[in-house]
Amino acid sequence: MNDKDLTSYLAAAAWADGPITGAEQDLAENLLFGLGLERDDAECHFEEWKFKAPPAPDLTSLTDRDQALALLRALLTLSYSDGHFGLEELPYLTRILDKFKVTSEELKQLRLQACYYLDPDAQMVNVPSELVEAGRWDDVEQAASQAKSELRAETENKIRKDLLAASFETLQLVLHRGRSYDLAEAGAEFARRRESMLERFGAMTDEQLLQAQIMLIATAKWERQYQLSCSECDLAAVGRRGDVCPRCGEDYGG
């Protein structure tokens, strides 16, 4: 499949749930770079479909299985980027699954690689509305702290479960996240960082070292999506950046 066909297929999937947003375009162009296009070429090809959906694409020119799996991973990444997986996007995935007889294990690994290309999803910190309505701000702060602690525990459990299900190859690619899906490059990076990981985590198998390092990185990224207090009214109730402060109604962290 040539560069233009790859771009068209990815653009069609992005259009499946409505017009392409700026964030979707940026992500799609990065994914095309990961599929082997030069960044300028990716932007140029994608520009054609910025304001209109491509015609229904087919897979006639997609004959290489490795390229098909790479495209499937890009489609999964794009699908997960808005926080939900829409049924309207399913045909673009199932066509590849069916044509190349993708196994359930291959799909599981591609899904994990796609999910960890993106930052872990931070959930809203909810506090009881009756505390807010009564203006019990000390209790609001305590409830928010407790809710955030529970969300962190849930997130860590999910990440741990994902990492245990990941193959050694997937773990290397996840650590190499955001640059390419070249396994040789990912393996070389792990080799360069292995000694420092051993110093940090102690004697472990290579697989355990990767799991520990990815857990550290993923939870740190998740934490950075929260703010410990409102920047407007100084309410010391932890909140997700961009959410509305329960006391002053301004955006949490802007």
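Across every non-hydrogen atom of Tyr252 and Arg240, the tightest pair is CB-O, 3.4 Å. Smallest separation of non-hydrogen atoms from Ala114 and Leu76: CB-CB, 3.7 Å. Nearest heavy atom pair, residue Pro246 against residue Val140, reads CG-CG1, 4.2 Å. Ser229 and Ala236 get closest at one heavy-atom pair: CB-CA, 3.8 Å. The shortest heavy-atom contact between Leu183 and Gln172 is CD1-NE2, 4.1 Å. Heavy atoms only, all atoms of each residue included: Ala74 and Leu31 are closest at O-CD1, 3.5 Å.
No donor-acceptor pair closer than 3.5 Å links the side chain of Arg247 to the backbone N or O of Trp137.
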Please tabulate, for the side chains in residues 7-16, all donor-acceptor contacts under 3.5 angstrom to protein atoms that are two or more places apart in sequence or on a different chain.
unit_1: Thr7; atom_1: OG1; unit_2: Asp3; atom_2: O; d: 2.8
unit_1: Tyr9; atom_1: OH; unit_2: Tyr92; atom_2: O; d: 3.0
unit_1: Trp15; atom_1: NE1; unit_2: Trp49; atom_2: O; d: 2.8
unit_1: Trp15; atom_1: NE1; unit_2: Lys52; atom_2: O; d: 3.2

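Residues satisfying the salt bridge (Lys or Arg N to Asp or Glu O under 4.0 Å) test with Asp139, not counting sequence neighbours, are Arg136. Residues that satisfy the side-chain contact (heavy atoms from CB on, under 4.5 Å) test with Asp206, not counting sequence neighbours, are Phe168, Phe190, Arg194, Leu209.
Across Glu106, Gln113, Glu105, Arg111, a single residue satisfies side-chain hydrogen bond (donor to acceptor under 3.5 Å, both in side chains) together with Gln109, and that is Glu105.
If you take CE on Met204 and CE on Met197, they are separated by 11.0 Å, rounding to the nearest 0.5 Å. Within the model, atoms CG of Leu151 and CH2 of Trp222 stand 5.5 Å from one another, a figure rounded to the nearest 0.5 Å. Summarising the geometry, atom CG belonging to Asp251 is positioned 9.0 Å from atom CD belonging to Glu232; distances are rounded to the nearest 0.5 Å. To the nearest 0.5 angstrom, Gln67 atom CD is 10.5 Å from Leu69 atom CG. Atom CD1 of Ile217 is separated from atom CG of Leu175 by 5.5 Å, given to the nearest 0.5 angstrom. Distance check: Glu250 CD to Cys233 SG gives 9.0 Å after rounding to the nearest 0.5 Å.
Using modelled atom types and a 3.5 Å distance limit, the side chains of Gln227 and Arg241 yield a donor-acceptor pair. Between the side chains of Asp162 and Tyr116, at least one donor-acceptor pair of N or O atoms lies under 3.5 Å.
Annotation: Gln142, atom CD; neighbour count of heavy atoms from other residues, nucleotides and ligands within 6.0 Å does not exceed 12.
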Passes side chain to side chain contact (heavy atoms under 4.5 Å, CB included), Val127 versus Glu141? Steps please. CA-CA 9 Å; Val127 296; Glu141 291 173 349; over 6 Å; no
